[in-house]
**Student:** 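Structure provided below as structure tokens; questions to follow.
We count residues from 1, following the sequence as given. One-based numbering, in listed order, for ligands and for the atoms of each. These figures come from a predicted structure and were not determined experimentally.
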Amino acid sequence: MCGIIGYIGEKQAYPIIVNGLKKLEYRGYDSYGICVLNNNNVFLKRKVGRISEENSESEDKGFIGIGHSRWATTGSVCEKNAHPQEYNGFYVVHNGIIENYKDLKEELTGKGHQFNSDTDTEVIAHLISDEFNGNLEDAVRKALKRIVGSYGIAVVSPKDEGKIVIAKLSSPIIIGICADGHIIASDSSAVIDYTKQIITLDDNEMAVLRKDSYIISKEKKIETIDWENDSVSKGDYEHFMLKEIMEESKVIDSAIQGRLLEDDVKLGGLETSKERLKKANKIHLVGCGTGYYAAKTGEYLMEEIAGIDAEAQMGSEIRYRNVRLDSNQAAIFVSQSGETADNLASLKKMKEFGVLTLGVTNVIGSTQTKETEGGVYTRCGREVAVASTKAFIGQLTVLTMISIFLGRQRNLNSEKAKEIILELKNLSKKADSILGDCSKIEEIAKKYSQYKDFWFIGRKFNYPIALEGALKLKEISYVHAEGTPGGELKHGPLALIDENCPTIAICPQDSVYDKMLSNMEEVKARNGKIIAIANIGDEKVKEIADDVIYIPKTLECLFPILTTIPLHLFAYYLALSLNRDIDKPRNLAKSVTVE
Ligand code: AGP
């Protein structure tokens, strides 16, 4: 999973490549590399570390270049494994996985090839070299026939200079048409500073780009991108993550703006699917990581509010299962980036079975928005930190509105719909009150920062929030954390509870409140420390818990939006105490574009 970019034209390639890689860094940031050709001279740079630290102002290097931002899949993080990978004057950047690389490597080694890296990508350069007969695109075409796996590649060579050859199978690649040449990239965010005219390559397509022309195997439509790269800065915040958590109340307002009626919701992106949704007998909610936890919350919301059979699915699992799928069902894909490969693969499968596919997506123009038949934008603005926070709040808000939409098509009565809608309008103020007083959460996080294991519990709507709290903590603090429904503790995890394993109990005054109190007592009886999330003024929780974080009251189905906020802050401040690399935690990437 990586970002690739290339430029050929009248301008210096190097600064364009560096600028593009900075936009693509969310796809991987363990190492990067750039190769620029200049009349048979090759400038090659490969470095471990982040492209964001690279200066794009540099001396003239040439007008043709490719670049890569890496998230290691095959081969450890080191300079020799960074891309471009090279063999015999053929330079390749690659996003994807070559599944048969070991067999190919063995075969090529037998023929006398020497390999310099541990990557799967290097075999592509070797194969191209093997097939080269004076024409780069012919060699690439033949080489790709021998490959099993996924790829978005860009290839250059001083042996056939004046062109960039690109190809795609299951990894995205687009061409930007500029006034001065062509730019290619894994996604449009990297080209939008130079052009709004793009062509999206389809699977099994190849293209040859020259300064003033391009050839693709078949005629393609030029699309116009109708959005801008929103420029983002940390402002006065130390980290993007804190800034983004602080935007969580604003995100609620932005998600509901213009979408709430008196006793119904107006979601433009669902208009054309209205009739099919009315008839749908099951909703699949598909996501990964935090997106999956939003989907899981959506499952509870849809069952409760809409009275429809709903089931959350992990994008990485559903495609391999024999779940019964048919055209009377709908699938809602929940994703911040809209580029998560596991989701996109499941989307393809759902479509094959005739399931209506919809998206709850943040990034405008992303692959998910193009591949689904409709959907709702979360409107959170750009999320930069790898740990997803405000996007989750946006997803919960949108899923609540979709539940109302589905409910009104079924048995949700006007009074109940009005009640939820009214409270949705008040929710950002309540979220603000939590965000406005986070010193207590910071203090508690510091107090517990030396513990190595944490347990998160919640029930019903707050069970997925326990999972989200645990994921956020492990992701940015590298501390072990797990989430379970409160009722499951006694079925096993209680064995792990002692004075060294604190439990974070999400315990608002809802229909499972008493059950949660019992679960907290079970923990206490085993000497476990308890940090509780409870409603303001709750004396019962105060008596049981060691520390309490208070939140305002709301409707049961809206509690997840409020209970999440302290958990995001808790993870942030605990990671801060441990001095972790909060915005770019080790081993991760913002968008996971490999399966
Ligand atoms: C969340 O903090 C993670 N970084 C990760 O689980 C993320 O939510 C997941 O990879 C899905 O990403 P998406 O929302 O862009 O599809």
**Student:** With a cut-off of 4.0 Å, which atoms of ligand 1 are near a heavy atom of Lys472?
**Tutor:** 1 (C), 2 (O)
**Student:** What is the ring orientation for Tyr300 with Phe461, classed by angle as parallel under 30°, tilted 30 to 60°, or perpendicular over 60°?
**Tutor:** tilted
**Student:** Taking Lys348 first and then Glu371, would you say they form a salt bridge - that is, a charged N and a carboxylate O separated by under 4.0 Å?
**Tutor:** no
**Student:** Please verify the inter-ring angle class for Tyr451 with Phe454; under 30° counts as parallel, over 60° as perpendicular, anything in between as tilted.
**Tutor:** perpendicular
**Student:** Looking at Ser346 and Gly315, would you say the former's side chain and the latter's main chain have a donor-acceptor pair under 3.5 Å?
**Tutor:** yes
**Student:** Tell me, which protein residue and heavy-atom name are nearest atom 12 (O) of ligand 1, and how many Å apart are they?
**Tutor:** Thr340 OG1, 3.5 Å
**Student:** Below 4.0 Å from ligand 1: does a non-hydrogen atom of Ser591 turn up there or not?
**Tutor:** no
**Student:** Nearest heavy atom to atom 3 (C) of ligand 1: which of Gln395, Glu475, Gln368, Lys590 does it belong to?
**Tutor:**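 When every heavy atom of Gln395, Glu475, Gln368, Lys590 is considered, Glu475 comes closest to atom 3 (C) of ligand 1.
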**Student:** What is the nearest protein non-hydrogen atom to atom 14 (O) of ligand 1, stated with its residue, atom name and distance?
**Tutor:**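 Going atom by atom, the protein heavy atom closest to atom 14 (O) of ligand 1 ends up being Gln336 N, 2.7 Å.
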**Student:** Looking only at protein heavy atoms, identify the closest one to atom 10 (O) of ligand 1 and say how far it is in Å.
**Tutor:** Val592 CG2, 3.9 Å
**Student:** Any salt bridge between Lys460 and Asp510, counting N to O under 4.0 Å?
**Tutor:**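 No, no charged N to carboxylate O under 4.0 Å.
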**Student:** Examine the side chains of Gln257 and Arg379 and answer whether a donor and an acceptor come within less than 3.5 Å of each other.
**Tutor:** no
**Student:** Closer than 4.0 Å to some heavy atom of Gly289 - which atoms of ligand 1 meet that?
**Tutor:** 6 (O)
**Student:** Quick one: do Glu25 and Lys584 make a salt bridge, cutoff under 4.0 Å?
**Tutor:** yes
**Student:** Tell me: protein heavy atom nearest atom 9 (C) of ligand 1, and distance?
**Tutor:** Cys288 O, 3.4 Å
**Student:** Looking at Asp193 and Lys23, is there a salt bridge between them, counting it only when a charged N and a carboxylate O are closer than 4.0 Å?
**Tutor:**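 Yes, this pair counts.
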**Student:** Taking only heavy atoms of Gly291 into account, list the atoms of ligand 1 that are under 4.0 Å away from them.
**Tutor:** 8 (O)
**Student:** Heavy atoms only, cut-off 4.0 Å: how does Thr290 contact ligand 1, side chain, backbone, both, or neither?
**Tutor:** both
**Student:** Identify, by atom number and element, the atoms of ligand 1 in contact range of Ser388, meaning under 4.0 Å from any of its heavy atoms.
**Tutor:** 1 (C), 2 (O)
**Student:** Specify whether His68 and His83 have parallel, tilted or perpendicular ring planes, treating 30° as the upper limit for parallel and 60° as the lower limit for perpendicular.
**Tutor:**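 Correct class here is parallel.
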**Student:** Is there a heavy atom in Glu339 that sits closer than 4.0 Å to ligand 1?
**Tutor:** no
**Student:** For ligand 1, which atoms have a heavy atom of Ser335 less than 4.0 angstrom away?
**Tutor:**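 Reading through ligand 1 atom by atom, the close ones are 13 (P), 14 (O), 15 (O), 16 (O).
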**Student:** Can you list the atoms of ligand 1 that are under 4.0 Å from a heavy atom of Ala387?
**Tutor:**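 Counting from 1, the qualifying ligand atoms are 2 (O).
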**Student:** Within the structure, does Leu471 bring an N/O atom to less than 3.5 angstrom of an N/O atom in ligand 1?
**Tutor:** no
**Student:** Which residue owns the protein heavy atom closest to atom 15 (O) of ligand 1, what's the atom, and how far is it?
**Tutor:**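 Of every protein heavy atom, Ser337 OG, 2.6 Å lies nearest to atom 15 (O) of ligand 1.
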**Student:** Using atom types as modelled and distance alone, determine if a side-chain donor or acceptor of Glu299 lies under 3.5 Å from a backbone N or O of Glu311.
**Tutor:** no
